[in-house]
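This report concerns only the one structure given below.
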There are 2 protein chains.
Amino acid sequence: MLGMQSSTPAPRATGRPRSAAADAAILAATREALVELGWSKLTLSDVATRAGVAKTTLYRRWAGKNELVVDAVAELFDELELPDCGTLGADIEGVVHQFAAILARPEAKSGLMAVVAESTRDEALRERIRASIVDRQKRLVLEGRARAQARGELPPETDESEASRTVDLIFDVVAGAVVHRCLVSAEPADAAWVHRFTTVLVAGLAAASAD
Amino acid sequence: MLGMQSSTPAPRATGRPRSAAADAAILAATREALVELGWSKLTLSDVATRAGVAKTTLYRRWAGKNELVVDAVAELFDELELPDCGTLGADIEGVVHQFAAILARPEAKSGLMAVVAESTRDEALRERIRASIVDRQKRLVLEGRARAQARGELPPETDESEASRTVDLIFDVVAGAVVHRCLVSAEPADAAWVHRFTTVLVAGLAAASAD
DNA sequence: TGGTTTCGCTACGAGTCGTAGCGTAATGGC
DNA sequence: GCCATTACGCTACGACTCGTAGCGAAACCA
């Protein structure tokens, strides 16, 4: 369940417990508001009304708009999974497809980019994004590599830090390219584009690892 | 000089002309405010004060915060140029270095991502970004390809639309990866990373174009 | 039942937004 | 040199959002 709620104030054994249903309703309402209003016109008052809770309840659980949207968007990426298509290239292509599908949704577009922009001046927020979204999905790269190694498509890594840098590079290239395609170029990451991109990436990795 | 100012209301031959010095002061003040305050806390009142102009002057020239920041950020990318390093790989590496250097500046980070986020719900703004920044820098890819063809590193393109799609792909991969590295991963795109990335990209393009 | 925490509601001061109105400054046409 | 036209600086304004405080009621545990 994500990286837990905002502050995680050491769940006390006494007193009235926080409503878990309210959490779900609030995050869903946040995504709904992102679709209808976008980031800039989204207000916490509006989210509270949509979720059927009081505005004060929101401020008790989240520090502000930024943290709330991070949690709301993070849930979107939890449905990502690595398909087993037989080859490394096909596996990557499958994940890129899923990733592109999520980024095609308006709540992901406006929400994700906005919090990333805010995170450039907020260290804590950047850490929250990393923990809730980035590192959480890096598992896909690790799993894909392990599978490719088991198939014999990739050699087992010798240098640990070297392998770690490769994972980071792959993640930056894949996530960055898809995001740029969907948001900046504003053109669909359709099957043809995904195939083309995946071909270049896999070929490049193979050639570079041969050094 | 960029894509001209906001509306370009058909420069009339009569009446008091708009101060060009004010334009420069306003855009510089906008970047300064982006550094000190970031996107969310930047107000047009503050920019006006910094630039030494009245708030109303800002609203007469730009529709709002979004358009102003696009123009202010676009100027940052105009200093990009393609170095002639002898090989395609080295040329690309040089441009990626410059791009990473610009994205390391705080006014570029917070400003660029914020307007991209806003553009997901504003077609006119997205078009403004494309005209002022994206398409404007795509010349680098075109120039690099032409140079590589002159050197014999790349074959002359046969299919026009095919070549166009390749340019778009390269741009998405390069810009996307660097942005993701600098903003989301929040780690420096240093020489080692740039070299590594460029190697994978060039190798991938070479292998893919061999099909 | 008593202690503790959450929840819904209301109200509030502080701050920002974008615009209107007015007098003044700077240009070109005659 | 005068006039029409446009830009500029300044002030003031209503509308809106923000985040918080204070209260009584509800839900849980011992």
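Proteins get letters first, then strands, A, B, ... in listed order; numbering begins at 1 in each.
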Legend entry - Rounded interatomic separation in angstrom, taking CG from A:Asp46 and P from D:dC16: 14 Å

Inset, instruction - Between A:Gly64 and B:Ala54, just flag the one whose closest nucleotide in DNA chain D comes earlier from the 5' side. - result: B:Ala54

Inset, instruction - Using a 4.5 Å cut-off on heavy atoms from C-beta on, say whether the side chain of A:Arg105 contacts that of A:Leu76. - result: yes

Inset, instruction - Within residues 116-127 of chain A, find the residues that approach DNA chain D with a heavy atom at under 4.0 Å, and present them sorted by residue number. - result: none

Legend entry - Whole-Å gap separating P (D:dC16) and NZ (A:Lys41): 14 Å

Inset, instruction - Could you pull out the closest heavy-atom pair between A:Gly86 and A:Asp91, with the gap in Å? - result: N-OD1, 3.8 Å

Legend entry - Spacing of A:Asp23 atom CG relative to C:dT6 atom P, expressed in whole Å: 12 Å

Legend entry - Upstream residue (5' side of DNA chain C) when B:Lys65 and A:Val53 are each assigned their closest nucleotide: A:Val53

Inset, instruction - Can you figure out which of D:dT17, C:dC17, C:dC7 approaches the side chain of A:Thr43 most closely? - result: D:dT17

Inset, instruction - Hey, which sits more toward the 5' end of DNA chain D by its nearest nucleotide, B:Thr57 or A:Pro17? - result: B:Thr57

Inset, instruction - Provide the full list of side-chain hydrogen bond (donor to acceptor under 3.5 Å, both in side chains) pairs with a residue in residues 182-194 of chain B, sequence neighbours left out, each pair given once. - result: A:Asp172-B:Ser185

Inset, instruction - Would you mind telling me which of C:dG8, D:dC8, C:dT16 lies closest to the side-chain atoms of A:Arg60? - result: C:dG8

Legend entry - Any side-chain heavy-atom pair of B:Lys109 and B:Met113 under 4.5 Å: no

Legend entry - B:Leu37 CG - C:dT16 P separation (whole Å): 10 Å

Inset, instruction - Give A:Thr56 one of three labels, base, sugar-phosphate or nothing, depending on what nucleic acid heavy atoms sit under 4.0 Å from its own. - result: base

Legend entry - Nearest to side-chain heavy atoms of A:Lys55, which nucleotide of C:dA11, D:dC10, C:dG8: C:dA11

Inset, instruction - Quickly work out the B:Glu67 CD to C:dC17 P distance and round it to whole Å. - result: 14 Å

Legend entry - Contact check, side chains of B:Val173 and A:Arg181, non-hydrogen atoms, under 4.5 Å: no

Legend entry - Nearest-angstrom distance from the residue atom OH of A:Tyr59 to C1' of C:dC9: 16 Å

Legend entry - Residues B:Glu123 and B:Arg128 bridged, charged N to O under 4.0 Å: no

Legend entry - Base C:dG3 paired with A:Arg16 side chain (donor-acceptor, <3.5 Å): no

Inset, instruction - Kindly give the heavy-atom pair with the smallest separation between A:Ala22 and A:Val53, and that separation in Å. - result: CB-CG1, 4.3 Å

Legend entry - Nucleotide C:dT4, atom P - distance to CZ of A:Arg18 in whole Å: 18 Å

Legend entry - Under 4.0 angstrom between B:Ser45 side-chain N/O and C:dT16 OP1 or OP2: no

Inset, instruction - Write down the distance between CG (A:Leu68) and P (D:dG19), rounded to a whole number of angstrom. - result: 12 Å

